[in-house]
Structures are given as structure tokens and as C-alpha cells.
Amino acid sequence: MNVKRATRYPKATEHIEDIIKFIEKLIEKEVAYASKNGVYFKVSKFPEYGKLSKKKIDELQSGSRIEIDETKKNPLDFAVWKFSDIEPAWDSPWGKGRPGWHIECSVMSIKYLGENFDIHGGGRDLIFPHHENEIAQSESCTGSSFAKIWMHVGMVTINGEKMSKSIGNVKSIKHVLENWGSNVIRLFCLSGHYSKPIDYSEELLKENLVKWRQAETCYYELIHADAKSCEKIDEIVNKIGKKFDNALEDDFNSHLALSAFFQLIKEGNRLAAEEKIGKKDAESIRAEMERMMMVLGLAIPEITENEKHEIDELIRNRERLRKEKKFDDADKIREKINQMNIELIDHKGKTIWMKKERIRADG
RNA sequence: GGUACUCUGGCAGAACGGUUAUGCGUGAGCCUGCAAAGCUUAUACAAGGGGGUUCGACUCCCUCGGGUACCUCCA
């Protein structure tokens, strides 16, 4: 998917000791207590509880419908350590068991990012209780504020419903990736704001494939550009680039950024169609285009020198045949080239080619 | 039931209180040996309903309604 690796991939199971230390600290501060079933965090000791999800403590209590665990002092209290003999389980000063669901996130993020860090991400559905509880236990433990900014992403839905295993409407990434490729998926995901839900549909994927083809076309048009006349392109490129940056800086307005990206592509294709683009201009557009693609995680498929030579050779043959009006033979060559996933673009005086990403669903 | 988010033209999706978003789609044209791709151009009553505030509201307030998500130990 062209996703960059993170610096670290910590695992909860490798941090049991840290977790235990963290809990000890909580108990020391008397914000957590051990009971029959586990160690619990005392929500009443954290007055700001509910600040993230904008819930009120008293409303929560009245809304609780699930059976109450009598061993807790307050129904809202949540586990930081849960007793269990079933493996996997670890020994702790309070008894054998395993960490509560929220604790390892607090422990590991504080360990690697510090007591206060900038951005905490996660799905919208985790705001409550998970993130709320993370805040409570972390801030209680460190005494300082946890994440500065919370970025919550919207769910992927299908037919307006959340994709979930229980409904059985899941499309695996592998499946979609094999059918559509990473670029199309990325365009699709970026077409909406990250915080809003996005509805999966083949039609939308298809729409984004069309757009991706435009980008590919533009890219190769620029590579092959060699017209003489020039327009003042730098100014336009800069303007679009700025629009792109501004959009992203404004809370990742990716759709707006994409519209700038496609504006650039349109510009490139337009000039190419009018054969008004010189090498130098093409370079400056291409540089900006590549910059944007890097930011967006898009990538034009690579092409080898060998492939290039082969294609050039085939095109030369085809040109000859076309001049001789042997169109049937020329079309055969075109067909052959197409099978290599190369598409020919006939211009007035010349034929150029572009490599297309292979998209299985594009049948 | 509670809370949050959301409701924009056929579809997707932006925007400062006052200007055409943009893209896809669709129609027409250009280019081409034919295609494909690309380009040009045209196309939308747009604002969930109803009230208000305002000289003016998609943008602010109220209200009603629809949708989605979450509502305590599975990570």
C-alpha cells in the first residue's frame, strides 16, 4: 500500500513489567484499588472524566444497562488488571491475570512518546470508553496532560453500515488491494475527510481509477514533452502547490488537496494536448506532481530500461506500418503493446506511450 | 433512552455570512486511419422539513425529522 513503516511496533505482551509498575503507581496514588476480580481505576478520583467524549458521569451511570459487577466500588470504574488463570496470564503483585484493555496503550505511549505528546489517533468508535480511560489513567499517573490533539478517523461503511465481522459485510484489504491497487484505494480514501465515515462501493473505486488514469497520462505526457513553445508555467504551478499545502494544513482537508492535485494534472494534460509544453516546463510540473504524490503516497509504476527499448522498437514498427496504411498490422502491434499494460497515445506528429498500473477489476 | 457526529445538485465532496467549488457522470465538439487516452464546451431546482437573527445564510440560533456510531473490562 506504499505505507511507511513506523519507528516502533511495541507489543503489549512485551511490556507486562512496565504495566505492572504503572499500576503500582496508580495504587500508590490511591486512584486504583484491588478487588476480588481485579484492579480497578477509581473514576471518582478523576474529576475530568468524560472530557473527551463529552459525557457526564451521572448520565453514564443512569444509562448503564449491563449487569453491574458488585465487586467494583463504582459501576464506572474500569479494570487495569483483570484476574484470570486462563493463559495467556501473567503474575502480578495482586494475582495472576492480564492487563485491562486500556492500560497498555497508556503505558507504551508514555514509554516511547513521553508523558505528553502531540497527536493520538484512533477510530471514532474508540473515543468511549477506550480513549477516555486512557486519559484518566495516564493523567492520574503522570499528573500532566496526555495527548494534545486527538484525531479520530471515521469508519469505513458499506451501504451506510459499519463494516463488521458480525454483520458479515467485510471486504478485506487484501481483496480490495488485489482488485484495485494501492493508488486507487488511496485516492478513494483521500476523497473524503478523515474524520468522516466513508462508504465503500465499487462505483467510487471505479471513479478513482478513472482519475488515476488521468494522473498516469499526465505523468507520461510530461516525460515525453518536447514542444518548443512555452507558457509561463511556474506561476501556476506555485499557486496550485500552495493551494495543495494549505488544504492539508487545514486539518487534512484531503479532498481539497486532491482537487489541487488534479488541477495540476489537468493543466499538464491541457498543455500537452495543445502541444505547448517544453521540456523545462514539463520538468517543473512533474517535480510538483511528484512532490504531491509523495505526500499522498501515490506512486507511478516503475518501468525498466529494457521495457522502454522494447516499446520504442514496437512503436517504430507500428509507425512504419501506419505510414504504409497497413492498419491491420499496425493494430496488431498496438494490441501486443496493450498486453504489456502499455497504452499508446497518438498525437498529431508522434506517438507516445504510458505504462498503466494493472488493475484487475478494470475488466 | 442518553451522548456525539451527520443530512449539499444523478453520485462523491469543499467553502470566509454576501462571488461558478471541484471531480465523476451525462450531452455536444476537437484530435485520430479507426480506437483509446486527452482536450474544449454545455449541463445541476443544490442545500432534510419548519421557524428565527440579518440588508443578506449552505454557513449563526431554535425546533422537528432521517442516518450512522458509541454507551463499562474482547483487544
Engineer: Give one of base, sugar-phosphate or nothing for A/Ser201, where a contact means two heavy atoms less than 4.0 Å apart.
Structural biologist: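 Counting heavy atoms under 4.0 Å across all strands, no contact is made by A/Ser201.
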
Engineer: Once salt bridge (Lys or Arg N to Asp or Glu O under 4.0 Å) is applied, what residue pairs with a partner in residues 4-20 of chain A remain, sequence neighbours excluded?
Structural biologist: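 Sorted result for residues 4-20 of chain A: A/Asp18-A/Lys111.
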
Engineer: Work out how far the P atom of B/G13 is from that of B/U6, and round it to whole angstrom.
Structural biologist: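 It works out to 13 Å between them.
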
Engineer: Represent RNA chain B in dot-bracket notation, 5' to 3'. Only Watson-Crick or G-U wobble pairs with both distances under 3.5 Å count; pseudoknot-style crossings use [ ] and interstrand partners use |.
Structural biologist: (((((((..(((.....[...)))((((((.......))))))....(((((..]....))))))))))))....

Engineer: Taking only residues at least two apart or on different chains, which pairs with a member in residues 290-299 of chain A satisfy salt bridge (Lys or Arg N to Asp or Glu O under 4.0 Å)?
Structural biologist: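 As it turns out, the salt bridge (Lys or Arg N to Asp or Glu O under 4.0 Å) pairs with a partner in residues 290-299 of chain A, which skip direct neighbours, are A/Asp245-A/Arg291, A/Arg286-A/Glu290, A/Glu288-A/Arg291.
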
Engineer: Give every residue pair that meets the salt bridge (Lys or Arg N to Asp or Glu O under 4.0 Å) criterion with at least one member in residues 29-50 of chain A, sequence neighbours excluded.
Structural biologist: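 As it turns out, the salt bridge (Lys or Arg N to Asp or Glu O under 4.0 Å) pairs with a partner in residues 29-50 of chain A, which skip direct neighbours, are A/Glu48-A/Lys51.
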
Engineer: Could you tell me the separation between the CD atom of A/Glu357 and the P atom of B/A37, rounded to a whole number of Å?
Structural biologist: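 In whole Å, B/A37 P and A/Glu357 CD are 17 Å from each other.
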
Engineer: Between A/Thr157 (side chain only) and A/Ile198 (backbone N and O only), is there a donor and an acceptor less than 3.5 Å apart?
Structural biologist: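 Here the side-chain-to-backbone pair exists.
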
Engineer: So A/Ala273, base contact, sugar-phosphate only, or nothing? Heavy-atom distance under 4.0 Å.
Structural biologist: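 Sugar-phosphate contact only.
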
Engineer: Given B/C34, B/U40, B/C24, identify the nucleotide with an atom nearest to the side chain of A/Asp331.
Structural biologist: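 Closest of the options to the side chain of A/Asp331: B/C34.
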
Engineer: Please check the phosphate of B/A21 (OP1 and OP2 only) for any side-chain N or O of A/Gln263 closer than 4.0 Å.
Structural biologist: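 The answer is no; no side-chain N or O of A/Gln263 sits under 4.0 Å from OP1 or OP2.
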
Engineer: To the nearest Å, how far apart are A/Glu161 CD and B/C70 P?
Structural biologist: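 From A/Glu161 CD to B/C70 P: 11 Å.
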
Engineer: Heavy atoms only, 4.0 Å cut-off, all strands: where does A/Leu344 land among base, sugar-phosphate and nothing?
Structural biologist: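 The residue A/Leu344 makes base contact.
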
Engineer: Starting the side chain at C-beta, find the nucleotide from B/G38, B/C70, B/U72 nearest to A/Asn269.
Structural biologist: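 Looking only at side-chain atoms, A/Asn269 lies closest to B/G38.
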
Engineer: Excluding sequence neighbours, so at least two apart, what forms ring pair (Phe, Tyr, Trp, His ring centres under 6.0 Å) with A/Phe261?
Structural biologist: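 In terms of ring pair (Phe, Tyr, Trp, His ring centres under 6.0 Å), with neighbours along the sequence ignored, A/Phe261 is linked to no residue.
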
Engineer: Write down the distance separating the P atoms in B/C5 and B/U22, rounded off to the nearest Å.
Structural biologist: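 Going atom to atom, P in each nucleotide, I get 30 Å.
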
Engineer: Whole-Å distance between B/G25 P and A/Asn208 CG?
Structural biologist: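 In whole Å, B/G25 P lies 11 Å from A/Asn208 CG.
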
Engineer: How far, in whole Å, is B/C45 from B/U41 if one measures between their C1' atoms?
Structural biologist: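 Those two atoms are separated by 23 Å.
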
Engineer: Scan side-chain atoms only and decide if A/Asn183 and A/Glu357 contain a donor-acceptor pair under the 3.5 Å cut-off.
Structural biologist: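 Yes, a side-chain donor-acceptor pair sits under 3.5 Å.
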
Engineer: Tell me yes or no: between the side chains of A/Ser144 and A/Asn116, is some donor less than 3.5 Å from an acceptor?
Structural biologist: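 Note: A/Ser144 and A/Asn116 side chains meet the donor-acceptor criterion.
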
Engineer: Quick one, which residues of residues 305-326 of chain A touch RNA chain B with a heavy atom under 4.0 Å?
Structural biologist: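 Per residue number, the list reads A/Arg318, A/Arg322.
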
Engineer: Name the residue closer to the 5' end of RNA chain B, choosing between A/Asp346 and A/Phe262 according to the nucleotide with the nearest heavy atom.
Structural biologist: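 Mapping each residue to its closest nucleotide by heavy atoms, the 5'-most match is A/Phe262.
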
Engineer: How would you label the contact of A/Glu104 with the nucleic acid (heavy atoms, under 4.0 Å): base, sugar-phosphate, or nothing?
Structural biologist: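 Sugar-phosphate only.
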
Engineer: Which whole-number value in Å describes the distance from A/Lys54 NZ to B/C5 C1'?
Structural biologist: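 Checked: the NZ to C1' distance equals 9 Å.
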
Engineer: Return the value, rounded to whole Å, for the distance between atom CZ of A/Arg334 and atom P of B/A37.
Structural biologist: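 Rounding to the nearest Å, CZ of A/Arg334 and P of B/A37 are 12 Å apart.
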
Engineer: Taking the six-membered ring for Trp, are A/His102 and A/Phe78 closer than 6.0 Å centroid to centroid?
Structural biologist: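 Yes, they do, as the ring centres are separated by less than 6.0 Å.
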
Engineer: Can we call the ring centroids of A/His224 and A/His347 under 6.0 Å apart?
Structural biologist: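 Between A/His224 and A/His347, the centre distance exceeds or equals 6.0 Å.
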
Engineer: Determine the Euclidean distance between corresponding C1' atoms of B/G33 and B/G27; express it in Å to zero decimal places.
Structural biologist: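 That atom pair is separated by 26 Å.
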
Engineer: Tell me: CD of A/Glu343 to C1' of B/C34, nearest whole Å?
Structural biologist: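 Value for this atom pair: 15 Å.
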
Engineer: More than 12 heavy atoms of other residues, nucleotides or ligands under 6.0 Å from CD1 of A/Ile86: yes or no?
Structural biologist: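 No.
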
Engineer: Can you tell me, in whole Å, how much space there is between the P of B/G67 and that of B/C30?
Structural biologist: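 Each nucleotide's P atom is 50 Å from the other's.
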
Engineer: Does A/Lys73 make a cation-pi contact with A/Tyr40, if we ask for NZ or CZ under 6.0 Å from the ring centre and within 45° of the axis?
Structural biologist: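 Because its charged atom misses either the 6.0 Å distance or the 45° angle limit, A/Lys73 does not stack over A/Tyr40.
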
Engineer: Evaluate the salt bridge (charged side-chain N to carboxylate O under 4.0 Å, His left out) criterion for residues A/Lys206 and A/Glu202: first the C-alpha distance (whole Å), next the side-chain angles of each, then the deciding distance (0.1 Å), finally the verdict.
Structural biologist: CA-CA 6 Å; A/Lys206 208 168 190 171; A/Glu202 304 272 318; over 6 Å; no

Engineer: Using the P atoms only, state how far B/U54 lies from B/G49, rounded to an integer number of Å.
Structural biologist: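 These two P atoms come out 23 Å apart once rounded.
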
Engineer: Under 3.5 Å between N/O atoms: give me all the protein pairs with nucleotides 10-13 of chain B, atom names plus distance.
Structural biologist:
| unit_1 | atom_1 | unit_2 | atom_2 | d |
| --- | --- | --- | --- | --- |
| B/G13 | O2' | A/His255 | NE2 | 3.2 |

Engineer: How long is the line joining CD1 of A/Ile352 and P of B/G38, in whole Å?
Structural biologist: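 Taking CD1 of A/Ile352 and P of B/G38, I get 12 Å after rounding.
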
Engineer: Without placing hydrogens or testing angles, list every side-chain donor-acceptor pair under 3.5 Å for residues 117-124 of chain A, not counting sequence neighbours.
Structural biologist:
| unit_1 | atom_1 | unit_2 | atom_2 | d |
| --- | --- | --- | --- | --- |
| A/Asp118 | OD1 | A/Lys148 | NZ | 3.0 |
| A/Arg124 | NH1 | A/Ser195 | O | 2.9 |

Engineer: Quick check: on RNA chain B, is the nucleotide nearest A/Ala330 upstream (toward 5') of the one nearest A/Lys266, or the reverse? Name the residue that is more 5'.
Structural biologist: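 Closer to the 5' end of RNA chain B: A/Ala330.
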
Engineer: What pairs of residues pass the salt bridge (Lys or Arg N to Asp or Glu O under 4.0 Å) test when at least one of them lies in residues 294-309 of chain A, not counting sequence neighbours?
Structural biologist: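 Non-adjacent pairs meeting salt bridge (Lys or Arg N to Asp or Glu O under 4.0 Å): A/Glu305-A/Lys308, A/Glu307-A/Lys355.
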
Engineer: When all nucleic acid strands are considered with a 4.0 Å heavy-atom cut-off, which category describes A/Gly100: base, sugar-phosphate, or nothing?
Structural biologist: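 Counting heavy atoms under 4.0 Å across all strands, no contact is made by A/Gly100.
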
Engineer: Roughly how far apart, to the nearest Å, are B/U43 and B/G9 at atom C1'?
Structural biologist: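 Taking atom C1' in both B/U43 and B/G9, they lie 11 Å apart.
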
Engineer: Using a 4.0 Å cut-off on heavy atoms, which residues in residues 240-254 of chain A reach RNA chain B? List them by number, or say none.
Structural biologist: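 Within this stretch, A/Asn253 sit under 4.0 Å of the strand.
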
Engineer: What residues form a salt bridge (Lys or Arg N to Asp or Glu O under 4.0 Å) with A/Lys242, not counting sequence neighbours?
Structural biologist: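 For A/Lys242 there are no salt bridge (Lys or Arg N to Asp or Glu O under 4.0 Å) partners, ignoring immediate neighbours.
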
Engineer: Looking only at side-chain atoms of A/Lys211, point me to the closest of B/G23, B/U22, B/A36.
Structural biologist: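 Of the options given, the side chain of A/Lys211 lies nearest B/G23.
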
Engineer: If the C1' atom of B/G29 is compared with that of B/A47, how far apart are they to the nearest Å?
Structural biologist: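 B/G29 and B/A47 have their C1' atoms separated by 33 Å.
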
Engineer: Whole Å only: how far is the NZ atom of A/Lys162 from the C1' atom of B/C70?
Structural biologist: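 Rounded to the whole Å, the gap is 8 Å.
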
Engineer: The criterion is ring pair (Phe, Tyr, Trp, His ring centres under 6.0 Å); which residues satisfy it with A/Tyr112, sequence neighbours excluded?
Structural biologist: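 For A/Tyr112 the ring pair (Phe, Tyr, Trp, His ring centres under 6.0 Å) partners, ignoring immediate neighbours, are A/His15.
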
